[in-house]
Q: 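The following block contains the structure, expressed as structure tokens.
The residues of the chain are indexed from 1 along the displayed sequence. As the structure is a prediction and not an experimental result, all values here were calculated from the model.
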Amino acid sequence: MNILFLGIVVFLILLAVFDLVVGVSNDAVNFLNSAIGAKVARFRTIAAVAAIGVFLGASMSNGMMDVARHGIMTPLYFSFYDVVCVFLAVMLTDVVLLDVFNTLGMPTSTTVSMVFELLGGSFAIALLKIIRRTAAPDGTLLSLGDLLNTEKAMSVIMGIFLSVAIAFVLGAVVQWLARLLFSFTYRVNGTTTDASGRMGNLWLGSLKTGVLSGVSVTVIIWFLLINGLKGASFMTPQLMAFVRLHTWQLLVGGVAGFSVVMTLLSALRVPVLKGVVLLGTLALAMAFAGNDLVNFVGVPLTGLEAYQDFMSGGGQDASSFMMGSLMESAHTPVLFLVAAGVVMVLSLVFSKKARGVVKTSVDLSRQDEGDEMFGSSAVARTLVRTTTSVASFLSQAVPRPVAKWVDSRFNTEEAVMPEGAAFDQIRAIVNLVLASLLVALGTSLKLPLSTTYVTFMVAMGSSLADRAWSRESAVFRITGVLSVIGGWFITAGVAFILCYLLTNVLFFGNFIAMILAVALALFLLIRSNLAYSSTSKPSEGDLLWARLMRTRSEAESWQLLTGYVRLTARQQLEAVAETYNTLVKAFFREEYRRLRRITNDLEEQRKDFKRQRRRQILGLRRVNPILAVERNTWYFLTSNAISQMIYSLKRTVDPCREHVGNNFSPVPMECVEQFLPYRREIRKLLERGCKMLESGDTSMAEDIRQDAAKLQAALSLHRKEIIDRIQERDAQIEPMSVLLNIVQESQELLSCLRHLARGARRFLEG
């Protein structure tokens with residue numbers, strides 16, 4: 001049996017590797033989003049800087065595992081078997097849960113997940129002990145307060161609210177003030193962000209840049225001393241006490257000294273802002289690795305120590321051997337820390353899911369318009385309406401000259417950002433510095449602020465202040481922010497419930513349940529990664545869209561835009577043809593499930609088409625204005641034709657699904673046989689339209705329009721026959737009415753196809 005326990009402990013160590021991979025993939029957003037969003041360097045450079053910070057932070061961590069050892073449970077009253085069940089359940093839940101969030105591209109808190117998993121697992125064992133009336137060594141019955149430390153969980157919950165509110169508000173306020181000082185056009189390292197090339201005064205620009213950089217570097221170094229290096233061997237208690245005692249002197253002296261140095265460097269055309277962003281990235285990466293390492297390896301290494309203690313005690317009865325030794329703090333060997341640092345660095349460099357999580361944060365704070373990842377929600381719409389009304393009311397109280405001057409500071413039309421950047425370096429510095437300041441301040445004041453929550457909400461607040469959320473995008477951005485925040489709370493609830501249930505299964509199922517749970521977790525992880533690998537590759541349309549957004553040539557923009565419109569229109573038309581054929585077949589065969597699935601697919605197609613149309617309109621803004629005016633009428637004719645096709649199919653499937661769902665009589669077979677030739681001809685015409693769009697041969701358009709008109713006329717005669725048949729006394733009204741609706745909507749599809757062929761030909765040819 002001891003061999004089986006050893007196997008479980010070894011598997012816990014292996015799970016720690018998986019947990020490091022998925023944890024780093026999720027938490028990478030904490031320190032990568034500012035540098036990547038501002039495009040201060042190539043991704044490889046940014047990843048290298050972050051990797052150095054991660055490795056140093058992990059290697060210099062003091063390895064204190066108090067949270068895993070006795071931060072939630074009171075191991076004095078837990079047996080070795082209890083601890084094994086809890087730790088295995090925690091690691092299995094954590095790996096699968098974080099992997100799910102990474103696959104969805106949603107940032108969450110590894111601290112919250114670990115704490116609530118420990119709380120759920122420990123609560124399961126504690127509840128069993130209370131039910132069984134387990135007594136302490138002195139004979140008193142154990143209570144929940146004796147078995148669990150609920151204060152830690154409550155502090156995390158407080159941290160959620162504090163982090164969300166404080167970080168968002170301060171992010172908005174500080175970024176608004178920073179933009180008033182710098183605007184979107186400023187001189188930096190001998191260049192300018194002004195589209196007209198105006199440089200401005202050298203010394204004034206250098207002074208502003210120097211002061212901002214001096215404040216930023218000082219805050220970042222203070223953050224390193226308080227958070228990133230607090231576990232390093234050279235950070236003795238005396239040195240930490242000196243830093244805390246002389247905080248204000250160090251801060252004031254640092255600001256003054258670094259401001260002078262940075263001003264001179266800026267005047268000498270040294271890219272100091274880029275250096276500050278990279279330094280902030282390094283600092284946050286070090287703090288993350290040093291402080292959050294326990295989230296990934298704390299439980300497995302504590303399990304290893306528990307096994308060693310169990311074996312040193314004779315290794316007899318796992319259910320009676322109590323884990324009082326875990327009440328003491330333990331230091332992790334440096335070898336484990338270095339190994340963990342290596343795994344974290346490799347995960348950071350090679351993980352595709354890390355880029356997906358970072359992309360979510362960067363896209364939600366993007367300055368310009370583009371592809372929105374989220375839809376709209378009722379809460380977001382209400383918030384936008386309320387905020388717009390309040391802002392309109394407050395703007396009336398502001399003097400017009402003041403309002404005009406403030407608006408001029410937020411004018412983005414004259415500014416130029418690096419190619420591919422989501423926002424400028426000023427906002428990147430505000431994000432890094434303010435996040436570092438809040439986390440360091442929270443640590444020094446012993447407030448439970450979360451690094452993930454702080455960095456994300458500061459980025460959202462600063463993007464709001466920078467007017468990155470226009471009226472066209474605000475509802476989508478707010479929905480995204482609410483989705484991420486909701487995911488944080490879901491993390492806590494799911495982690496607690498899932499770990500509670502899994503711990504019970506492992507406790508009562510013994511080794512058989514443990515083996516099955518391990519096999520299931522491995523299966524889910526492998527399937528998730530295989531599925532993500534197959535879906536993470538960008539489609540042809542996404543590649544065209546990315547090229548369209550990067551190019552600065554109007555001629556190339558037009559070429560890419562027409563290619564993108566042809567591609568997406570063909571894809572939508574192919575989906576319409578397939579759906580129409582399947583819909584009619586499912587109705588005649590009375591396949592209710594297929595009809596219900598078609599309804600869901602049409603809604604997804606509608607959303608996808610809406611996203612594509614937004615991209616296409618943004619692309620029209622990038623081509624020659626005269627050309628755009630000439631062709632936009634025909635573009636909208638094509639686009640609206642596809643939109644009407646989707647709605648026509650929806651109007652077709654709804655009565656079909658209702659009819660079959662109510663189990664009404666089917667359409668008479670002779671009527672079915674009469675309509676099937678029309679269905680085949682309609683599908684052939686739709687497929688001809690797809691071929692026209694695929695090849696770009698618009699000479700086919702006129703033939704398609706003429707054939708569609710002839711088929712419309714034939715359907716009109718068939719429709720009259722159906723109406724006449726309905727008037728007969730022996731005719732079944734319900735099925736014939738639905739068939740009549742199918743015929744009418746088929747005519748509408750052909751009409752839309754004619755409009756699409758005409759619009760596509762004129763849009764592509766002129």
Q: Got a sec, which residues hit side chain to side chain donor-acceptor pair (under 3.5 Å) with Asp654, two or more places apart in sequence or on another chain?
A: Arg657
Q: Tell me the closest heavy-atom pair linking Leu583 and Cys656, and the distance in Å.
A: CD2-SG, 4.1 Å
Q: Let's go through Leu764 and Arg631 carefully: what are the C-alpha distance in whole Å and the side-chain angles of both, what is the deciding distance for side-chain contact (heavy atoms from CB on, under 4.5 Å) to 0.1 Å, and is it a yes or a no?
A: CA-CA 8 Å; Leu764 296 174; Arg631 305 292 178 89; over 6 Å; no
Q: Partners of Asp697 by side chain to side chain donor-acceptor pair (under 3.5 Å), sequence neighbours excluded?
A: Ser699
Q: Considering only heavy atoms from C-beta outward, does the side chain of Leu649 approach that of Met645 to under 4.5 Å?
A: no
Q: Is the shortest distance from a Lys or Arg side-chain nitrogen in Arg725 or Glu721 to a carboxylate oxygen in the other one below 4.0 Å?
A: no
Q: As an exercise, state the distance from CG of Asn663 to CD of Glu590, rounded to the nearest 0.5 Å.
A: 7.0 Å
Q: Is there a side-chain contact between Leu464 and Met460, using heavy atoms and a 4.5 Å cut-off?
A: no
Q: For Ala468, does its backbone N or O pair with a side-chain atom of Asp466 as donor and acceptor, under 3.5 Å?
A: no
Q: Testing the basics here: between Gln612 and Gln571, what is the closest heavy-atom pair and its distance to 0.1 Å?
A: NE2-OE1, 4.0 Å
Q: Under 3.5 Å, which donor-acceptor pairs link side chains of residues 747-760 to any protein atom two or more places apart or in another chain?
A:
unit_1: Gln747; atom_1: NE2; unit_2: Gln712; atom_2: O; d: 3.3
unit_1: Gln747; atom_1: NE2; unit_2: Ser716; atom_2: OG; d: 2.7
unit_1: Arg754; atom_1: NH1; unit_2: Gln712; atom_2: OE1; d: 3.1

Q: If you measure from CD1 on Ile646 to CD on Gln644, what distance do you get to the nearest 0.5 Å?
A: 9.5 Å
Q: Please report the C-alpha distance between Ser462 and Phe423 in whole Å, then the side-chain angles of each, then the deciding distance to 0.1 Å, and finally whether the side-chain contact (heavy atoms from CB on, under 4.5 Å) criterion is met.
A: CA-CA 10 Å; Ser462 64; Phe423 42 81; over 6 Å; no
Q: Does any part of the side chain of His659, heavy atoms only, come nearer than 4.5 Å to the side chain of Phe587, both counted from C-beta?
A: yes
Q: Is there a side-chain contact between Leu739 and Phe588 (heavy atoms, below 4.5 Å)?
A: yes
Q: With rounding to the nearest 0.5 Å, note down the distance linking CG in Asp707 to CD in Glu702.
A: 10.0 Å
Q: Within this structure, what is the CG-CD distance for the pair Leu715 and Glu681, rounded to the nearest 0.5 Å?
A: 10.5 Å
Q: Has Phe410 got more than 12 heavy atoms of other residues, nucleotides or ligands less than 6.0 Å from its CZ?
A: yes
Q: Evaluate the side-chain proximity of Arg427 to Arg179: yes if any heavy-atom separation is below 4.5 Å, no if none is.
A: yes
Q: With no hydrogens and no angle check, is any side-chain donor or acceptor of Ser389 less than 3.5 Å from a backbone partner on Arg385?
A: yes
Q: Side chain of Thr579, backbone of Ala575: donor and acceptor closer than 3.5 Å?
A: yes
Q: How long is the gap from CD on Gln616 to CZ on Phe636, to the nearest 0.5 Å?
A: 9.5 Å
Q: Minimum heavy-atom separation for Val623 to Leu620, with atom names?
A: CG2-O, 3.1 Å
Q: Can you name the nearest heavy-atom pair linking Asn431 to Ser34, along with the distance?
A: CB-OG, 3.3 Å
Q: Looking at Val584, Thr582, Leu602, Asp601, which one forms a side-chain contact (heavy atoms from CB on, under 4.5 Å) with Val653?
A: Leu602
Q: Between Trp558 and Phe763, is the gap from one ring center to the other below 6.0 Å?
A: yes
Q: Taking the side chain as every heavy atom from C-beta outward, state whether Arg719 and Ile722 have any pair of such atoms under 4.5 Å apart.
A: no
Q: For Val277 and Ala35, work out which heavy atoms get closest and say how close.
A: CG1-CA, 3.7 Å
Q: So, do Tyr635 and Arg613 sit near enough that their side-chain heavy atoms are less than 4.5 Å apart?
A: yes
Q: Treating Arg761 as the side-chain partner and Ala701 as the backbone partner, does any N or O pair qualify as donor plus acceptor under 3.5 Å?
A: no
Q: Considering only NZ, NE, NH1 and NH2 on the basic side and carboxylate oxygens on the acidic side, decide whether Glu687 and Lys684 come within less than 4.0 Å.
A: no
Q: Cut-off 3.5 Å, side chains only: do Arg615 and Tyr564 have a donor facing an acceptor?
A: yes
Q: Output yes when Glu694 and Lys691 qualify as a salt bridge under the 4.0 Å nitrogen-oxygen rule, no when they do not.
A: no
Q: Which residues pass the side-chain contact (heavy atoms from CB on, under 4.5 Å) test with Cys690, sequence neighbours left out?
A: Arg570, Leu573, Glu574
Q: For the pair Asp608 and Arg611, find out whether any cationic side-chain nitrogen is under 4.0 Å from an anionic carboxylate oxygen.
A: yes
Q: Would Ser648 and Tyr580 satisfy side chain to side chain donor-acceptor pair (under 3.5 Å), going step by step from the backbone distance to the final call?
A: CA-CA 10 Å; Ser648 177; Tyr580 176 77; over 6 Å; no
Q: Looking at Asp407 and Arg467, does any basic side-chain N land under 4.0 Å from a carboxylate oxygen?
A: yes
Q: Within the distance-only criterion (no hydrogens, no angle test), does the side chain of Asn662 pair as donor or acceptor with the backbone N or O of Glu658 below 3.5 angstrom?
A: yes
Q: Determine the minimum heavy-atom distance between Leu711 and Tyr678, stating which atoms define it.
A: CD1-CD2, 4.0 Å
Q: Evaluate Leu717 against Lys720 for side-chain contact (heavy atoms from CB on, under 4.5 Å), listing each step before the verdict.
A: CA-CA 5 Å; Leu717 295 176; Lys720 186 176 183 305; 5.6 Å; no
Q: Of all residues at least two apart in sequence or in a different chain, which pass the salt bridge (Lys or Arg N to Asp or Glu O under 4.0 Å) check with Arg594?
A: Glu591
Q: Please lay out, stage by stage, how Asp424 and Lys39 fare under the test salt bridge (charged side-chain N to carboxylate O under 4.0 Å, His left out).
A: CA-CA 8 Å; Asp424 66 357; Lys39 207 74 174 181; over 6 Å; no
Q: If you measure from the Lys or Arg side-chain nitrogens to the Asp or Glu carboxylate oxygens, is any gap between Glu578 and Arg683 under 4.0 Å?
A: yes
Q: Please lay out, stage by stage, how Glu630 and Leu627 fare under the test side-chain contact (heavy atoms from CB on, under 4.5 Å).
A: CA-CA 5 Å; Glu630 291 176 353; Leu627 182 62; 3.9 Å; yes
Q: At what distance, to the nearest 0.5 angstrom, does OG1 of Thr698 lie from CD1 of Ile704?
A: 10.0 Å
Q: Heavy atoms, side chains only, cut-off 4.5 Å: are Asp703 and Arg688 in contact?
A: yes
Q: Could you work out, with side-chain contact (heavy atoms from CB on, under 4.5 Å) as the rule, every residue matching Ser665, not counting sequence neighbours?
A: Gln732
